Protein chains: 2
Amino acid sequence: MVKINEVAEAAGVSISTVSYALSGKRPVSEATRHRIETAVRELGYSPNAGARMLAGDRTHIFALTEPFRRDTHAPTHMAFVLATAIAARQNGYDVLLLTDEDAQAGMQRVAANGLVDAILVLDVAPDDGRVALARQISTPAVFIGIPDDHDGLICVDLDFEAAGALAVDRLADRGHRNIGLIGQPDIAYAKSNFPPRVLRAVEARAAERAVRLGFRSAGEVDASAAAVAARVDALLDGGATALVLHATDSVHAVVLDRLRTRGLSVPGDVSLVSVAASFDMSTLAQSIDVIPLVPDSSCALAVDLAMRALTTEPPASGLHLIPPTYIDLGTVGASRA
Amino acid sequence: MVKINEVAEAAGVSISTVSYALSGKRPVSEATRHRIETAVRELGYSPNAGARMLAGDRTHIFALTEPFRRDTHAPTHMAFVLATAIAARQNGYDVLLLTDEDAQAGMQRVAANGLVDAILVLDVAPDDGRVALARQISTPAVFIGIPDDHDGLICVDLDFEAAGALAVDRLADRGHRNIGLIGQPDIAYAKSNFPPRVLRAVEARAAERAVRLGFRSAGEVDASAAAVAARVDALLDGGATALVLHATDSVHAVVLDRLRTRGLSVPGDVSLVSVAASFDMSTLAQSIDVIPLVPDSSCALAVDLAMRALTTEPPASGLHLIPPTYIDLGTVGASRA
DNA sequence: TTGAAAGCGATACCAG
DNA sequence: CTGGTATCGCTTTCAA
């Protein structure tokens, strides 16, 4: 493996000049910089990671903790991991996966041995145990998701409350006075952070706008299509003229299928809005108005905050909510009721 | 952060003794070892990662390269990543995610800066570009999957050929003389490594046993249930009395559904075997005989080989095929044809 | 604009 | 069985 002194010799300069030319932390004359860059390229030099970590004050690695629960939606999860990794790379960072059975053990380890500069916390639960740990360790942590007790933490997330309210407003504006919300699996309302937030926001705004609201979770994690369809029926039979979906892709498909089976057209008979969907909706039988949860935005912001936490004093602790965007694809029409 | 000299002072020994007590590379008296361990625990000491990398000959990190393609099956993919991370941790290793747009760039980077001790290569394509790179760099690589050109590489995989043959044998033994194979999406036969291997093995064994074989891929990546059902019909109408499935979970569900719709019982009217499924089949409407692809086995073996590659000379290059296991759940019966 | 040299915190050799 | 210390490759202060 090529070392910095070989580059220095090849370029006819000192070691420190090479270091500075590469880091840009000190001006280097155009001429020597060019000779150095050439040498680096020709020798295929890359600064030794261990030496850099030891001598410098950066490891150039972020940790990503992600507990895997049974109800974890793999595609969504993957999208977040990918988006994080890409955002990190754009800042010269690599991502270390922490998947210890005990999520906290992993965090503690990397915080104790200085392997990473910051920890990105994924799949945050309302009562997440990593919250307490984050407060103890000195390695900065950025939460992608908002735990109940988030005092002094750095958190990033879609503004779920605003998203839920926005969906209701849109429907109320078009005259709908009875809407249904199809939600996540039951367990998600206990174990996950955002489903309750959406639910509460939708309930609150519906109340404000004097709209009747029916709510049905998606039931069990692997609920059959029939079971989900029954829940759709329940809402429609209750007089709902519009449905808000805060659900997985397969539930979206079942809903569309059910409407078709019942001979209901969208938006003619029923209006449809999807909230906080982060999957590829282009594979559905028909497009649906959506207020999407864009992993790329959240993760890029999280990485950005992590970078800032390494320099800024004090850190940008607090909630960083991403404002929702309504994508109109024509599936919300005027109410006929 | 606690350093080794603090531990040494607390325990009243030299820093070298602390180091040896922790690594076990030199005998340490029971008494002093105990004092050291106590000090380590009380101070919460963990050897600095950078210093260890620089001074030692191990980084204690593995890289995991995993290109994401459009047809990547997220749950399966996640299972492999998780299994790898767990196996690595059991060997004291952490896992670094390489998800650069250009997979090779990432490999090259970590190979050049010595960040990792070995690279685990996931989601291997038949003509994978990472093969050539693996031969150039000095960091050992272990492929989970087998590229066409695997000369001198270390590869781990389920013995897909044996698995395919085993499925055919099982059916042929019970008198089936006309079987159908439902496969992966079309693109997988071009881009992925194992689908063609299963197909060829099934074809070959069918020929040997004088069994008629009908083959249908799963069509497009997001083929509709109807499209898949049509393929099932084609095989059954062609006289197949048994089906071999080498497909995703959703295709399995469609097949079961289609058989029920046609009023066919399993194994009464049609026998069923699933080959190389790595997903949780317990959520299907009915269990199916399966020759599973167990991510845990493959990944544990891969990590094991990586560990060996760090010490053994010469490395254990070559194919490491995991023998298939047949799990009998009673969905293969005697042919009535 | 450039160089020399002092660490960073472990590991492992050489002594005792 | 235990200590001292050179060493790993880089970053960064101090000097010029």
Side-chain angles (χ1 to χ4, degrees), chain A residues 1-37 39-40 43-61 92 109-117 310-311, chain B residues 1-37 39-40 43-61 92 109-117 310-311:
Chain A
M1 236 169 291
V2 189
K3 302 187 301 180
I4 195 173
N5 61 329
E6 309 183 38
V7 176
E9 280 172 32
V13 296
S14 72
I15 290 181
S16 47
T17 300
V18 174
S19 178
Y20 284 119
L22 262 39
S23 71
K25 294 189 180 177
R26 188 167 87 172
V28 172
S29 80
E30 185 57 43
T32 57
R33 134 164 305 122
H34 188 72
R35 295 215 312 286
I36 292 174
E37 279 169 358
V40 166
L43 297 173
Y45 169 75
S46 184
N48 178 280
R52 223 152 69 120
M53 294 173 58
L54 185 56
D57 52 352
R58 294 286 146 81
T59 69
H60 300 277
I61 300 178
R109 200 178 58 250
V110 297
N113 66 22
L115 218 196
V116 307
D117 291 336
L310 303 182
T311 57
Chain B
M1 236 170 289
V2 190
K3 303 187 301 182
I4 196 171
N5 60 331
E6 309 183 40
V7 176
E9 280 172 32
V13 296
S14 71
I15 62 172
S16 48
T17 300
V18 174
S19 178
Y20 284 119
L22 262 40
S23 71
K25 293 188 180 177
R26 188 167 88 171
V28 172
S29 80
E30 185 57 42
T32 56
R33 136 165 303 121
H34 189 72
R35 295 214 312 285
I36 292 174
E37 279 168 357
V40 166
L43 297 173
Y45 168 74
S46 185
N48 179 278
R52 228 152 70 118
M53 294 174 60
L54 186 55
D57 51 353
R58 293 287 147 79
T59 69
H60 301 277
I61 300 178
R109 201 179 57 252
V110 297
N113 67 21
L115 218 197
V116 307
D117 291 335
L310 303 183
T311 56

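Just so it is clear, the structure is predicted and the values come from calculations on it, not from any experiment. To find a chain, count down the sequence lines: A is the first, B the second, and so on, and within it residues start at 1.
- Side-chain N/O atoms of A:Ser19 include one lying less than 4.0 angstrom from OP1 or OP2 on D:dT11.
- Side-chain N/O atoms of A:Thr32 include one lying less than 4.0 angstrom from OP1 or OP2 on C:dT2.
- What you find for B:Ser46 and A:Asn113 is that their closest heavy atoms are OG-CB, 3.5 Å.
- Residues B:Arg33 and B:Ile36 are not in side-chain contact: their nearest non-hydrogen atoms beyond the backbone lie 4.5 Å or more apart.
- Contacts of B:Ser23 with the nucleic acid, taken as non-hydrogen atoms under 4.0 Å apart, are absent.
- Listed pair B:Thr17 / D:dT2 fails the phosphate criterion, with no side-chain N or O lying under 4.0 Å from OP1 or OP2.
- A:Ile4 CD1 to A:Leu43 CG: the interatomic distance, rounded to the nearest 0.5 Å, is 12.0 Å.
- Here the P atom of nucleotide D:dC10 and the CD atom of A:Glu6 are 9 Å apart, to the nearest Å.
- When rounded to the nearest whole Å, the span between CZ of B:Arg33 and C1' of D:dT2 equals 13 Å.
- Rounded to whole Å, the distance from CD1 on A:Ile36 to C1' on C:dT2 is 10 Å.
- Atom P of nucleotide D:dC8 and atom CG of B:Asn48 are separated by 18 Å, given to the nearest angstrom.
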Can you name the atoms? Protein N/O to nucleotides 4-8 of chain C N/O, anything below 3.5 Å, with the distance.
| from | atom 1 | to | atom 2 | distance (Å) |
| --- | --- | --- | --- | --- |
| C:dA4 | N6 | A:Ser16 | OG | 3.3 |
| C:dC8 | O2 | A:Ala55 | N | 3.3 |

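- Residue A:Gly50 is the one, among A:Asp57 and A:Gly50, whose nearest nucleotide of DNA chain D lies closer to the 5' end (criterion: closest heavy atom).
- Between the P atom of D:dT7 and the CG atom of A:Asn5 lies a distance of 14 Å, rounded to the nearest Å.
- For the pair A:Met53 CE and C:dG9 P, the interatomic distance rounds to 12 Å; values are reported in whole Å.
- Atom C1' of nucleotide D:dT5 and atom CD1 of B:Ile4 are separated by 14 Å, given to the nearest angstrom.
- Distance, B:Arg58 CZ to C:dA10 P: 19 Å, rounded to whole Å.
- Rotation axes derived from the C1' atoms of the five outermost pairs at either end of the helix from C:dT1-D:dA16 to C:dG16-D:dC1 lie 30° apart, to the nearest 10°.
- Every residue meeting the side-chain hydrogen bond (donor to acceptor under 3.5 Å, both in side chains) condition with A:Ser14, not counting sequence neighbours, appears here in chain and number order: A:Ser16, A:Thr17.
- Closest non-hydrogen pair, B:Val2 versus B:Gly44, comes out as CG2-O, 4.3 Å.
- Expressed to the nearest 0.5 Å, how far CG of B:Leu115 lies from CE of A:Met53 amounts to 7.5 Å.
- OP1 or OP2 of C:dA12 sits under 4.0 Å from a side-chain N or O of B:Lys25.
- Residue B:Val2 is in sugar-phosphate contact alone, with no base atom involved, counting any heavy-atom pair closer than 4.0 Å across all strands shown.
- Once rounded to the nearest 0.5 Å, the distance linking CZ of B:Arg52 with OG of B:Ser19 reads 9.5 Å.
- When atom types are taken as modelled, the side chain of A:Glu6 and the backbone of A:Lys3 share a donor-acceptor pair closer than 3.5 angstrom.
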